[in-house]
Number of protein chains: 2
Amino acid sequence: MKKAEVPGIGFPVPGDGGRTPQYDERFAAVLTTAAQVIADEGYDRASMRKIASRAGMSIAGLYYYFKSKEEVLYLIQFYTFDSLVKNLKDRLDAGSQESAEARIRLVVENHLGHFLRHLPELKVCARELESLKGDAYEKVLERRREYYLITREIIDELCEGSQQQLDSNLAALALFGMLNWVYMWFNPRRHGDLKRLEEQLSGIFIDGIRPR
Amino acid sequence: MKKAEVPGIGFPVPGDGGRTPQYDERFAAVLTTAAQVIADEGYDRASMRKIASRAGMSIAGLYYYFKSKEEVLYLIQFYTFDSLVKNLKDRLDAGSQESAEARIRLVVENHLGHFLRHLPELKVCARELESLKGDAYEKVLERRREYYLITREIIDELCEGSQQQLDSNLAALALFGMLNWVYMWFNPRRHGDLKRLEEQLSGIFIDGIRPR
DNA sequence: ATAGTTATCGAACGCTCGTTCGGGCAAGCG
DNA sequence: CGCTTGCCCGAACGAGCGTTCGATAACTAT
């Protein structure tokens, strides 16, 4: 059976073409395990042997699901940003009548919420973009840019009529800096109160850029 | 001749004990080259062979100056934070009568200024702390904590009397997030105006946390 | 029962890595 | 002059890497 592919990449995608449910389940489970190993040790030190052994299978068994190590990394990053963007769009659609400030809070809430549920994946995305090359790199970059643009448009709206000339591009990058740096210090035991974390960070950012 | 050592670590330090000036010069030059290679390719992919070849010497020659690859990484991070802290202390001493807001601006100015002058080193520090182990990791962490504490004290002062309960710990981490994420998007040609970058970022942060 | 597909494995190949070893060459000093 | 010392090298070693190959059971459809 021919494998379904992401157009223009040649990497397979699960759950979309006659493969068995067991296959899809195992595929997703192995990808989750791989994200944990890569988050813990970094892409280069996370060998296919370690990933296979943590997933309870042989190296050759791993290659039944993924055709290369880079594909594993690509899929983690692609799916992570894909679901990040999809969730954000859903939230923004549901709250489209809200103020720009409320929608920025939605962005922060979405990002940190996803972060808590998929800590290893987010860490991998924050650190390993540059470990991809060629088409895989471009495809992930495209998703990131989409995510960035959605956010920057809200920031543009929030800055409207500000007397200070604030660069919304820089502001968006500052926001992502705050949010993506979280993996460096976050500890579920110390910072488990997600609501509080969201409020503090979005508070700093919103008060920081709001016109006065 | 016995090599001088950082107390408790066992790693050598240049410029402090009877070695020739050529040695110190070459040592520093090789370390700068190593920082460039590691910033470009990541610690694991940056092989000793590549570092040696970019520095114009053989692998074995490299081992005359450094006793392991991890030592190279340690020295880059240790010296970078060392000089970052030293410069910051100097600036803060010179501006000790200034307001907390002005001193936060000094922190941002110092960090980004150092960033522009030592882009590869800062990138290495932002990404490769976890590639260190044991004593080297602890020693670098110690320097980072010192840098963090200096900054957080100023933030504490800036938040004094704020009616909102703002967590200065989170605020400091948010600031470092903004500043350290810069390596992900900074382009000297697009963002060459350092003064403007400093003003925008410190503006966002200060307005974000200042009591109102 | 037979043929084909799915999921898995052990073993190996070729390569790169960090590190070491023994030596060599030039400068400075006795 | 001979000898030490500072600086540097070619070559090698053992380990770990990503990837491939052929084989093997279990299941499914004919």
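Within every chain, numbering begins at 1; the chains are lettered A, B, ... in the order of the sequence lines, protein sequences first and strands thereafter. In this text, all values refer to a predicted model and were calculated from it rather than measured experimentally.
Taking atom CZ of A/F27 as the reference point, atom C1' of C/dA7 lies 15 Å away to the nearest angstrom. Rounded to an integer number of Å, the gap from A/Y65 OH to D/dT19 P is 18 Å. For the pair A/Q22 CD and C/dT5 P, the computed distance is 18 Å after rounding to whole Å. Counting to the nearest Å, the C1' atom of D/dG18 and the CD atom of A/E71 are 14 Å from each other. Between the CE atom of A/M57 and the P atom of C/dT6 there is a distance of 16 Å, given to the nearest Å. Note: OH (B/Y23) to P (D/dT5) measures 17 Å, nearest angstrom.
Note: B/F115 and B/F186 have perpendicular aromatic rings, judged against thresholds of 30 and 60 degrees for the angle between ring planes. Between B/H111 and B/F176, the angle of the ring planes lies from 30° to 60°, which puts this pair in the tilted group.
The pair A/R196-A/E199 fails the salt-bridge criterion, with no side-chain N (NZ, NE, NH1 or NH2) lying under 4.0 Å from an Asp/Glu carboxylate O. In this structure, A/K86 pairs ionically with A/D82, as a charged nitrogen and a carboxylate oxygen lie closer than 4.0 Å. Look at A/R45 and B/E130 and you find no salt bridge, because none of the NZ, NE, NH1 or NH2 atoms lies under 4.0 Å from a carboxylate O.
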Under 3.5 Å between N/O atoms: give me all the protein pairs with nucleotides 14-20 of chain C, atom names plus distance.
from: C/dG18; atom 1: OP1; to: B/K69; atom 2: NZ; distance (Å): 2.6
from: C/dG18; atom 1: OP2; to: B/M48; atom 2: N; distance (Å): 2.8
from: C/dG18; atom 1: N7; to: B/R49; atom 2: NH1; distance (Å): 2.7
from: C/dG18; atom 1: O6; to: B/R49; atom 2: NH2; distance (Å): 2.8
from: C/dT19; atom 1: OP2; to: B/Y63; atom 2: OH; distance (Å): 2.6
from: C/dT19; atom 1: OP2; to: B/K69; atom 2: N; distance (Å): 2.7
from: C/dT19; atom 1: O5'; to: B/Y63; atom 2: OH; distance (Å): 3.3

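Closest to the side chain of A/Y64, from the set C/dC9, D/dC8, C/dA7, is C/dA7.
Dashed line: the shortest gap from a side-chain N or O of B/R26 to OP1 or OP2 of D/dG6 is not under 4.0 Å.
Residues passing the ring-ring contact (aromatic ring centres under 6.0 Å, His included) test with A/Y183, sequence neighbours excluded: none.
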